*Asks:* 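Have a look at this one before I ask anything.
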Amino acid sequence: MVLPVRECELSGWGRHPVQRCGVLRPDRYGDLSRIEADTLPRGLGRSYGDSSLNQGGRVVEMTRLNRILEFDETLGILVAEAGLSLAEVAEIFLPRGWFLPVTPGTKFVTLGGAIASDVHGKNHHGEGCFSAHVAWIELFTPALGRLTCSPEEHPEIFWATVGGQGLTGIIGAMALQLKPVSSLWMEVTHHPARELESAFNLLSDPEADAPYTVAWIDCLAKGRELGRSIFMAGHHRTEKNLPPAKAPRSKPLIQAPFNFPSGCLNSLTVRAFNGVYYRRNGRKRFPFLSAMDPFFYPLDMVGHWNRIYGRRGFVQYQSVLPPGTAFEGVKAQLEEISAAEAASFLAVLKRLGAAGPGHLSFPTEGYTLALDLPYRGPETEALLKRLDAIVLKGGGRVNLCKDAHLSPESFRAMYPRFEEWLGVKAQVDPEWMLQSSLSRRLRMKEGA
Ligand SMILES: Cc1cc2nc3c(=O)[nH]c(=O)nc-3n(C[C@H](O)[C@H](O)[C@H](O)COP(=O)(O)OP(=O)(O)OC[C@H]3O[C@@H](n4cnc5c(N)ncnc54)[C@H](O)[C@@H]3O)c2cc1C
């Protein structure tokens, strides 16, 4: 039986660009072997730019393939189909004492999407990327058919798929090592940092270190206050006699009901919001208990919050810079944003640990800054080019799962292992059947 294809306008979470794609939604695992090789996998569409788009072609939405296949209660090993979301994993397994070993800032992400973008969380400096906790995957490749890949079996294909943005095949199922936790509570400490140097000092200070750390930056602050932020550190509480905690929710608390008019988000409104946020959170000087959702997923509380940026959408710019150039590079980026009055809500600064083995995996040792910028056409494109120049000068890179603008040349300069990745692509898909809007924009098929 041929699966029905529905033509529709699709976008990533940033709602820019919007492109026409044919969408398949299989609900049986067996369907994956029958899907044509030029069909790009897509999860919950939480990548921001064009990595889950295939303009004029087809995508296979994996969200109905979300069955749990096995769970080892003693070891915490979960075997599941790749369309299962992190929200579903948390909802089912947290009450049994198991949590995700690594989680991004939203839980509305599929297991397959988490591998394809090799996502990182607030604990990258200690726990590495999502892929570090994956025992194996089952991959449906265009040329070699169905393969089990792991760090031991077909390791090259495994590491090219980790961070490979769906371009080596469809991940159908996987085994993930969950992490034991003995309560649903986090203990959190906030430290206000008056300017960027203090934020960097806190992120690198062993005294302030914790399993999970992040700094929320007010990126409209200028002059002596440039980079003012709230540094947040958290760890799981382990005592047994804690009050009952709210279980994680698999649905947002409220919804943004419609597209906000484009003038709503301007430097005045964002500055006012950031000021209130800084003062409110900066007051919390003593450690306090937090439920998991507000600590790990504050943005998930508002469903469709991406509508706040209006019809034209927004782009997220996430870069990482090595320790030696990070301070100057982050400062230069914040100066650009601030001068352009490109109203970005609070930006996020995190420390990253050593790079993993994924050829195109984003995280490398250093500091990563993530900024949301409303899309305003050529003005935004020009700003992004200036930001790229700063990142290239500092020897850093941009995260592909957030990207919608990078040039083929900048991509090659930022990802020196691309040639190695191409060697694996030549094995699993020599004809380049499987492409995406991102792979075409970066002219990946043309070689290194
Ligand atoms: C609010 C928010 C916060 C975020 N925070 C973080 C963060 O802290 N850290 C971080 O690393 N990322 C973060 N992200 C990005 C997000 O985690 C990644 O983009 C993730 O890949 C999205 O997963 P998805 O299931 O929505 O996949 P999609 O966005 O649908 O697809 C992303 C890529 O994965 C591929 N893919 C999807 N499913 C499969 C599959 N089954 N087999 C093979 N390839 C597949 C697609 O082809 C595409 O290239 C955040 C995103 C949002 C919206």
Side-chain angles (χ1 to χ4, degrees), residues 10-15 21 23 26 29 32 35 39-54 57-66 80-88 100 102-124 128-131 137-141 149 160-174 212 214 252 296-306 314 316 318 320 345 348-350 352 356 358 360-363 368 370 372 399-403 428 434-439:
L10 278 188
S11 73
W13 188 246
R15 304 172 83 215
C21 308
V23 181
Y29 197 74
L32 290 181
I35 286 176
T39 313
L40 181 77
R42 175 171 161 110
L44 277 159
R46 262 20 183 227
S47 50
Y48 283 79
D50 56 5
S51 83
S52 69
L53 303 181
N54 190 10
R58 278 182 298 242
V59 302
V60 48
E61 242 179 52
M62 297 291 291
T63 47
R64 288 184 183 163
L65 300 178
N66 64 347
E81 291 177 351
L84 188 72
S85 71
L86 303 192
E88 290 163 323
L100 296 152
V102 164
T103 179
T106 174
K107 59 185 172 179
F108 300 117
V109 158
T110 61
L111 293 175
I115 298 176
S117 298
D118 201 13
V119 299
H120 62 278
K122 299 181 179 76
N123 58 352
H124 187 271
C129 284
F130 193 80
S131 61
I137 56 173
E138 185 160 71
L139 187 68
F140 293 76
T141 65
C149 308
T161 302
V162 159
Q165 304 300 325
L167 294 165
T168 58
I170 303 173
I171 302 163
M174 56 174 294
Y212 301 95
V214 66
F296 286 105
Y297 313 113
L299 296 169
D300 285 348
M301 305 275 177
V302 184
H304 295 296
W305 62 261
N306 51 353
F314 68 107
Q316 178 160 106
Q318 183 177 19
V320 58
F345 272 121
V348 173
L349 182 66
K350 284 192 274 213
L352 297 182
L360 298 183
S361 182
F362 163 73
T368 175
D372 290 345
N399 192 347
L400 297 179
C401 78
K402 314 279 177 90
D403 178 50
V428 295
L434 188 49
Q435 300 192 26
S436 64
S437 298
L438 173 130
S439 76

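Numbering of ligands and ligand atoms starts at 1, following listing order. Since this is a predicted model, take the numbers as computed values, not measurements.
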*Asks:* Does the residue Y48 have a heavy-atom contact with ligand 1, meaning some pair of atoms that are separated by less than 4.0 Å?
*Replies:*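 So Y48 counts as touching ligand 1.
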*Asks:* Are any of the N or O atoms of L44 closer than 3.5 Å to those of ligand 1?
*Replies:*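 Among all N and O atoms of L44, at least one is under 3.5 Å from an N or O of ligand 1.
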*Asks:* With a 4.0 Å cut-off on heavy atoms, is K350 touching ligand 1?
*Replies:*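 K350: in contact with ligand 1 (<4.0 Å).
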*Asks:* Using a strict cut-off of 4.0 Å, indicate which atoms of ligand 1 neighbour a heavy atom of I170.
*Replies:*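 What qualifies from ligand 1 is 42 (N).
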*Asks:* Which residue and non-hydrogen atom of the protein lie closest to atom 42 (N) of ligand 1, and at what distance in Å?
*Replies:*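 Of every protein heavy atom, I171 N, 2.8 Å lies nearest to atom 42 (N) of ligand 1.
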*Asks:* Among L139, I137, L84, which residue satisfies the side-chain contact (heavy atoms from CB on, under 4.5 Å) criterion with M174?
*Replies:*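 It is I137; the other options fail the test.
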*Asks:* Considering only the protein, which heavy-atom contact is closest to atom 31 (O) of ligand 1, and what is its distance?
*Replies:*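 The closest heavy atom on the protein side is S52 CB, 3.6 Å.
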*Asks:* Looking at atom 23 (O) of ligand 1, what's its closest protein heavy atom, distance included?
*Replies:*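 For atom 23 (O) of ligand 1, the nearest protein heavy atom is V109 CG1, 3.4 Å.
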*Asks:* Answer with yes or no after comparing the ring centroid distance for F108 and W305 against a 6.0 Å cut-off, counting only values under it.
*Replies:*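 Ring-ring flag for F108/W305: false, centres at least 6.0 Å apart.
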*Asks:* Identify, by atom number and element, the atoms of ligand 1 in contact range of W305, meaning under 4.0 Å from any of its heavy atoms.
*Replies:*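 Answer, ordered by atom number: 1 (C).
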*Asks:* Could you list the atoms of ligand 1 found under 4.0 angstrom from a heavy atom of M62?
*Replies:*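 Near M62, the atoms of ligand 1 are 41 (N).
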*Asks:* Hey, looking at atom 48 (C) of ligand 1, which of G105, S47, S51, S436 has the closest heavy atom?
*Replies:*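 Ranked by closest heavy atom to atom 48 (C) of ligand 1, first place is S51.
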*Asks:* Please report the shortest heavy-atom distance between G43 and E61, naming the atom on each side.
*Replies:*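 In this case the closest contact between G43 and E61 is O-CG, 4.1 Å.
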*Asks:* If you measure every N/O of R46 against every N/O of ligand 1, is any gap under 3.5 Å?
*Replies:*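 Looking only at distances, the answer is yes, because the N/O contact criterion of under 3.5 Å is met.
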*Asks:* Which residue supplies the protein heavy atom nearest to atom 20 (C) of ligand 1, what is that atom called, and how far is it?
*Replies:*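 Result for atom 20 (C) of ligand 1: G113 O, 3.8 Å.
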*Asks:* Are any of the N or O atoms of P41 closer than 3.5 Å to those of ligand 1?
*Replies:*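 Yes, since at least one N or O of P41 sits under 3.5 Å from an N or O of ligand 1.
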*Asks:* As a quick check of understanding, evaluate side-chain contact (heavy atoms from CB on, under 4.5 Å) for M62 and I170, giving each step before the final call.
*Replies:* CA-CA 9 Å; M62 297 291 291; I170 303 173; 3.7 Å; yes
*Asks:* For a quick test of reading the model, state the closest non-hydrogen atom pair linking L438 to L400 and the distance between them.
*Replies:*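 The pair with the smallest heavy-atom distance is CD1-O, 3.6 Å.
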*Asks:* Counting both backbone and side chain atoms, is some N or O of G45 under 3.5 Å from an N or O of ligand 1?
*Replies:*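 Yes; the residue has a nitrogen or oxygen that sits under 3.5 Å from a nitrogen or oxygen of the ligand.
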*Asks:* Tell me which protein heavy atom sits closest to atom 15 (C) of ligand 1, plus the residue, atom name and distance to 0.1 Å.
*Replies:*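 Nearest protein contact, heavy atoms only, for atom 15 (C) of ligand 1 is K402 CE, 3.7 Å.
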*Asks:* If you compare all heavy atoms of K122 against all heavy atoms of K350, which two are closest, and at what distance to 0.1 Å?
*Replies:*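 Residues K122 and K350, closest heavy atoms: CA-CD, 4.2 Å.
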*Asks:* What protein heavy atom lies closest to atom 13 (C) of ligand 1? Include the residue and the distance to one decimal.
*Replies:*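 Looking at atom 13 (C) of ligand 1, the protein heavy atom closest to it is P104 CB, 3.6 Å.
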*Asks:* Please confirm whether Y212 and F296 have ring centers closer than 6.0 angstrom.
*Replies:*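 They qualify: ring centres under 6.0 Å apart.
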*Asks:* Could you tell me whether ligand 1 has any atom less than 4.0 Å away from a heavy atom of Q318?
*Replies:*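 No.
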*Asks:* For residues V162 and F130, determine if any side-chain heavy atom of one lies less than 4.5 Å from a side-chain heavy atom of the other.
*Replies:*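 Heavy-atom side-chain distance check fails, nothing below 4.5 Å.
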*Asks:* Tell me: protein heavy atom nearest atom 17 (O) of ligand 1, and distance?
*Replies:*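 Checking every protein heavy atom, the shortest distance to atom 17 (O) of ligand 1 gives V119 CG1, 3.4 Å.
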*Asks:* Identify, by atom number and element, the atoms of ligand 1 in contact range of L40, meaning under 4.0 Å from any of its heavy atoms.
*Replies:*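 Here the atoms of ligand 1 in question are 47 (O).
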*Asks:* Between ligand 1 and W13, is the shortest N or O to N or O distance under 3.5 Å?
*Replies:*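 W13 vs ligand 1: no N/O contact under 3.5 Å.
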*Asks:* For a quick check under 3.5 Å, do D372 and Q316 share a side-chain donor-acceptor pair by atom type?
*Replies:*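 Q316 and D372 do have a side-chain donor-acceptor pair below 3.5 Å.
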*Asks:* Considering only non-hydrogen protein atoms, determine which one is nearest to atom 34 (O) of ligand 1 and report residue, atom name and distance to 0.1 Å.
*Replies:*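 In this structure, atom 34 (O) of ligand 1 has A116 CB, 3.2 Å as its nearest protein heavy atom.
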*Asks:* Any nitrogen or oxygen of T110 lying under 3.5 Å from a nitrogen or oxygen in ligand 1? Just yes or no.
*Replies:*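 Right, the criterion is met.
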*Asks:* Looking at ligand 1, would G169 count as a contact under a 4.0 Å heavy-atom criterion?
*Replies:*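 Under 4.0 Å: yes for G169.
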*Asks:* Donor-acceptor pair, S117 side chain versus V119 backbone, under 3.5 Å?
*Replies:*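 Flag not set: sc S117 to bb V119 has no pair under 3.5 Å.
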*Asks:* Does the D300 side chain pair with the main chain of K107, one donor and one acceptor, at a distance under 3.5 Å?
*Replies:*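 Pair found, side chain donor or acceptor close to backbone of K107.
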*Asks:* Taking only heavy atoms of H120 into account, list the atoms of ligand 1 that are under 4.0 Å away from them.
*Replies:*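 Close to H120: 7 (C), 8 (O), 9 (N), 10 (C), 11 (O).
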*Asks:* Check whether any side-chain heavy atom of P41 sits under 4.5 Å from a side-chain heavy atom of L434, and report yes or no.
*Replies:*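 Side chain of P41 against side chain of L434, heavy atoms only: contact under 4.5 Å found.
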*Asks:* Between S436 (side chain) and S439 (backbone), is there a donor-acceptor pair under 3.5 Å?
*Replies:*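 Yes, the answer is positive, given that a donor and an acceptor are paired below the 3.5 Å cut-off.
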*Asks:* I want to know if ligand 1 touches G43 in the polar sense, i.e. an N/O pair below 3.5 angstrom.
*Replies:*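 N/O-N/O distance below 3.5 Å exists for this pair.
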*Asks:* Can you tell if the side chain of T106 reaches within under 4.5 Å of the side chain of L299, non-hydrogen atoms only?
*Replies:*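 Of all side-chain heavy-atom pairs linking L299 with T106, none is under 4.5 Å.
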*Asks:* Closer than 3.5 angstrom, by distance alone: can the side chain of D118 be matched with the main-chain N or O of S131 as a donor-acceptor pair?
*Replies:*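 At least one qualifying donor-acceptor pair exists.
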*Asks:* Looking at every heavy atom in both Q165 and L40, which two are closest together, and how far apart are they?
*Replies:*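 Q165 and L40 have their closest heavy atoms at O-CD1, 4.3 Å.
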*Asks:* Consider every N or O of S117 and every N or O of ligand 1, then say whether any pair is closer than 3.5 Å.
*Replies:*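 Yes; the residue has a nitrogen or oxygen that sits under 3.5 Å from a nitrogen or oxygen of the ligand.
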*Asks:* Strictly under 4.0 Å, does any heavy atom of Y297 approach an atom of ligand 1?
*Replies:*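 Heavy atoms of Y297 never come under 4.0 Å of ligand 1.
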